Amino acid sequence: MKTAAADTPRPENPAHHPTPRVVRGIERNRNTRPEVHAHRAVSVTRSFRETEGEPIALRRAKMLARVLDEHPVVIQEGELIVGMKALTPRGSPVYPEINCSWLERDLDRLATRKDTPFHVSEETKHILRTEVFPFWKGRQIADRIEEAVPEEIRRADERGVIYNYFRSRSIGHIQAGYEKVLRLGMRGILAEVEAAEARLDRGAPDFAGRSRFLESVARVCEAVVRFAARHAAEARRIARGTPDPLRRAELERIAAILDRVPEHPARGFHEALQSFWITHLVLNLETPGHAFGPGRFDQYLHPFYRESLERGELTADEAQELIDCLWVKFDEITLAKDSGESQTSSSYPDFQNLNIGGLTRTGRDAVNELSYACLNALEHTRLPQPGLSAQIASATAPKFLLRCCEVLRLGTGMPAMFNADVLVLGMVNRGKSLEDARASSLNGCVAGFCDGKDRMASSGYFNLAKALELALNDGVDRLTGERLGPATGNPRDFSRFEDVLAAFRTQVEHFVALKVRYDDLVRTIYAEHCPVPFTSALIEDCVAAATDWHAGGSRYKIATISGVAVGTVADALSAIRTHVFERQTVSMERLIAALDRNWEGDEALRLALVNQTPHYGNDDEAADALAVAVQEMFCTAVERHTDCQGARYWVDLLPTTSHIALGELTGATPDGRRAGAWLSEGVSPVQGHDRRGPTAAMRSVAKLDHARTNGTLLNLKISPQALRTDRDLHKLAALIRGYFSQGGHHVQFNIVDREILLEAMDHPERHRNLLIRVAGYSDYFTLLSRDIQLEILSRAEHGL
Amino acid sequence: MTRGATGLVFDIRGFSLHDGPGLRTTVFLKGCPLRCRWCCNPESQRAHPEAVWIAERCIGCNRCLEVCAARAIAPAADGGRRIDPGRCDACGRCVEACPGEALQIFGRRMTVEAVLAQVARDALYAEHSGGGLTLSGGEPLAQPEFALELLRRYRREEKGAHTAVETSGEADWEVLEALLPEVDLFLYDLKHPDPAAHRRLTGRGNERILENARRLADAGAELVIRMPLIEGENDDPRALGAAADFVASLRVVRRIDLLPYHRLGEPKYRRLGRRYRLEGKPAASPGRVEAARAFLAGCGFEVRIGG
């Protein structure tokens, strides 16, 4: 018999509180409005003016060196880990060399736009307008892409069939080898550069280029050392004026640490964290790359943590405070993005995916005390950054999974849960060695990477629902009447369901080929015009092979295309098969007419398609088989391609928030969705269409082949009532284990809170499946009268 | 009962968390001999299928009126629909025809095989969590042969997986006796210790219920007692004291679940065209729930709120 305590709802552990300095840091971030700063843009512009005519590798190295040499050094009150991406927390630098046209266009609107507004001071505006924007006209990467993109691709992008995010951000995701800096320091990397230089064949035709690349790496490594030294000097300056002896000692300690790292290998935990942070900052200042992931943080930092505790330099509590302080630093990081980009990934947080748990290189449970400390940091700070991902393998200790569930209950939606076994399987399938596959992490939202050795480029989204729209309109955009895709026949002439599938397949194949051309073009431009010496220094085998990361220098390379709206397409196909071909309750003619009119005057038909169709997400064999067929079709179309650097193409099924933006560009779909409405998210069922609870939804989703993708995303909602007691945590853990044992890749849980309930009151159609369960009672939330809804709302607030 | 016989089921829910250990599938059987005033699932009470019309979802297309052969559906004065339960034979045609899912039928006849096939889908989750099958209701004992067959077959097919029955105990002892070997846990209701009060609140006395609880305890069954808490009806010290004395006298019971009253079931009565007899009764206040919990905990029981 278990004790009563296991079942009593427990307040959070009172020991799990952040220290006052951490609280002040959280408050500081919260109370500082996001702002755009011009310093980086000015340094970049001046540097590029001066280096006109020099080889691009050197120009880029000099550019980054100048950015670092001129970067304003700010050390904030109470900080133990120092260094900022911009003058203020949640401040954004500008990357004019990639794209500043959007900023020029939006400069006066940036502070008032709906998604992620940024303040811009009049002084900043003036500097950008006089000194920055004019210089970059025609010189931005975005300009070069713009010039090179053929009309057909541009149209497909503008109309929301394919989307490439490397016009406003540079190529990501970046899973750098932080461990290398911790272990070797900049001096060690410089020694590597020297050795590589010595190995170069001086007679080879590419000698000059390779040598220049190595020189560019050396230059930025030296600049990083100076960057740290400037921080050390600033810490000493502040220390001198600090009357409080404790704080003065802290600042002197910080200065001593920065004298040492990242120039030299780190000794102990504090040095390692500071070395990590400078490295992370420099990566962020080199490019606005899509997603810089800290990766397997608990693995490469654990030896330093252990060392400090064993030597008695730190207590566990002091180490925890350092981690909490680092969490506050992660939360400072943001990037002002183009409004278009902002819609496809709409948030201030910038995809700093930090992994804990998983497997060691030899396949054992990798969980250690630092893994738990990271969970504590999330519990203490409740900050949206870093994105915390827990890798759960069959070998993972139950205690760790349960602690993850306990933290999940706090309602931040984190940690996201990943299946390490499926990750490893997929990585091996995509060419990684078994050991490297186990050392993999998740980057961005759910994409798999090998730390410090990889180049995966998820280059943007593929709107499967738009491809279906074209298949049902002979290749013509239903919203604009423009021809976008190949003529696949008048849908009214389709006599069998297979004709629909065939037309869909043709559209998918066409646009995948177009997307691959698009990617190659973008990749070539980045390789020629945007070398990244610092990123290259941290990703094997760029230095050894004397080849820039953007030019394909990494050990591993894959390319991916992110499919969006599997659920919407599966349900739409199911509606067509059920109503047009099986029951013949509606003709194709009538259906197409209703789609053309966006269901106007056809509400009964629309509702019949919504409510009387078997849907993906309910463990219904026939409907789920359509989702499987859509994946298979998409994978087959994608996997036959190889990019211009020899990387094979793979699929991932993650949307970020593009299912909203791409939905706006997609006409009405036969699943009853109205034009412009959201598409389904990741591999999740259509919002509100999974009616049979999480286990049925998970069984459906697990029918897809997750190992064949480089990442899938499943979002589930869970009622706080379901997680009241510690014993309930075991049940959540079993739910996760159950999903993973069926082959699922990722799941994250949103606790049904006030926000979700309020949204369900405003948008009942998205939440028809939201089941409220209180003790023996259950009913659908959207069916309740307003006063009962309000009662449930107040219960949710009290966690009942 | 022979194989292939049917029972009246009103819901089957996977991911059931609070009806026994682990992740469970709960099968709700329709029909109950009691009419507890606070019942939040009135659709579970009657032992026949029932159609309901949900105003919030109706688009007024009139298809239900067209397809109803029994002419049980009629437009109401307020623009809504009325279903005449006397005429409705729950054929389900209106449900099929309704595009908005505004019509629903509670209760369908299912074979043991069909129920078990659905339960088996969640077997993996039950295995990972030490969960299993729970029969609930309604009152599962009101369909004794179907319930027994379900439990027996489930046990056989899932190799002794965990079974639970949630019951009011209002049945002949022979029914419980027959189930005993197939049930690991009884979640057993105690709504009021006093027979007269029990009759007033539920429509029946509690003599047989208390007697059955004692016999189950004597037979060595694992019992968890569940007590609904309704302010001013059964949460006074006298009722609680008598309840605690009775449970203590069973000797084997260690755990009591308290189910605080809430009024979330009220709209369902309206949909079913029935009167809600606790109108205006406030939901259980946290203070009184805590007082009851503390009292019962003080009597030595493990007390859980909400089960």
Side-chain angles (χ1 to χ4, degrees), chain A residues 1-4 7-9 603-612 619 692-699 718-719 721-725 727-728 730-739 741-742 764 768 771-780 782-785 787-788 791-792 795 798 800, chain B residues 11-19 21-25 39-41 54 56-57 59 61 63 96-102 118 121-122 124-131 136 166 226 228 254-255 257 259-260 262-268 270-271 283 286 293 297 301-307:
Chain A
M1 198 89 182
K2 292 183 186 137
T3 63
D7 274 294
T8 313
E603 187 60 6
L605 172 60
R606 194 187 75 80
L607 284 172
L609 293 171
V610 172
N611 291 320
Q612 297 170 354
D619 198 18
R692 295 188 46 210
T695 52
M698 285 175 154
R699 284 196 302 273
I718 195 155
S719 142
Q721 157 85 14
L723 295 176
R724 279 180 320 143
T725 67
R727 191 164 294 168
D728 292 334
H730 286 260
K731 297 176 184 180
L732 182 64
L735 187 72
I736 293 165
R737 293 263 195 207
Y739 179 56
S741 69
Q742 293 173 87
R768 283 180 84 123
L771 192 67
I772 297 297
R773 300 168 84 167
V774 179
Y777 161 88
S778 65
D779 204 350
Y780 288 102
T782 56
L783 281 184
L784 303 173
S785 66
D787 55 325
I788 297 279
E791 175 162 341
I792 290 183
R795 281 173 164 265
H798 298 104
L800 292 171
Chain B
D11 206 356
I12 299 177
R13 290 224 164 271
F15 195 57
S16 216
L17 298 169
H18 298 135
D19 302 317
L23 293 176
R24 313 185 67 81
T25 305
C39 180
C40 61
N41 291 322
I54 301 163
E56 292 85 344
R57 287 183 168 180
I59 60 166
C61 70
R63 287 204 193 152
E96 271 169 41
C98 177
E101 285 188 321
Q118 219 164 309
R121 287 171 176 258
D122 263 346
L124 186 78
Y125 294 93
E127 189 204 74
H128 274 281
S129 64
S136 181
E166 194 171 23
R226 297 196 140 181
R254 292 202 38 190
R255 184 179 129 201
D257 293 350
L259 308 173
H262 55 73
R263 48 192 202 100
L264 302 175
E266 193 177 339
K268 295 180 173 177
R270 210 165 34 238
R271 269 179 239 148
R293 191 204 63 76
F301 296 107
E302 177 196 339
V303 185
R304 296 187 192 177
I305 311 289

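Quick caveat, the model's predicted, so the values are computed rather than measured. Worth knowing before you read on, the calculation uses all heavy atoms, side chains too, and leaves out hydrogens, waters and symmetry mates. We name chains A, B, ... by the order of the sequence lines, and we start the count at 1 in each one.
Counting only heavy atoms from C-beta outward, the side chains of B/Y125 and A/Q742 approach each other to under 4.5 Å. Between A/D728 and B/H18, some side-chain heavy-atom pair lies under the 4.5 Å cut-off. Inter-residue side-chain proximity for B/E101 and A/L607 is flagged as unmet; no heavy-atom pair is nearer than 4.5 Å.
When all heavy atoms of B/R63 and A/A604 are compared, the pair lying nearest together is NH2-CB, 3.7 Å. Nearest approach of B/L124 to A/S741, heavy atoms of both residues: CD2-OG, 3.3 Å. Between B/L23 and A/A734, the shortest heavy-atom contact is CD1-CB, 3.9 Å.
In this structure, OG1 on A/T725 lies 12.0 Å from CD1 on B/I305, to the nearest 0.5 angstrom. In this structure, the separation between OG1 on A/T695 and CZ on B/R24 is 13.5 Å, given to the nearest 0.5 Å. Taken from CG in B/L17 to CG in A/L732, the straight-line distance is 9.0 Å, to the nearest 0.5 Å. The distance from the CZ atom of A/R727 to the OG atom of B/S129 is 12.5 Å, given to the nearest 0.5 Å.
Using a 4.5 Å cut-off between heavy atoms, B/A97 contacts chain A through its backbone alone, with no side-chain atom that close. For a residue to count as touching a neighbouring chain, one of its non-hydrogen atoms must lie under 4.5 Å from one of that chain's; by this rule A/L723 does not touch chain B. Heavy atoms closer than 4.5 Å to chain B are found nowhere in A/R606, neither backbone nor side chain.
Of the residues considered (B/C98, B/C61, B/S136), B/C98 shows the highest number of contacts with chain A, using heavy-atom pairs under 4.5 Å. Between chain A and the options B/E56, B/R121, B/E96, the largest number of non-hydrogen pairs under 4.5 Å is found for B/R121.
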*Step by step, would you call A/I736 with B/H128 a side chain to side chain contact (heavy atoms under 4.5 Å, CB included)?*
CA-CA 9 Å; A/I736 293 165; B/H128 274 281; over 6 Å; no

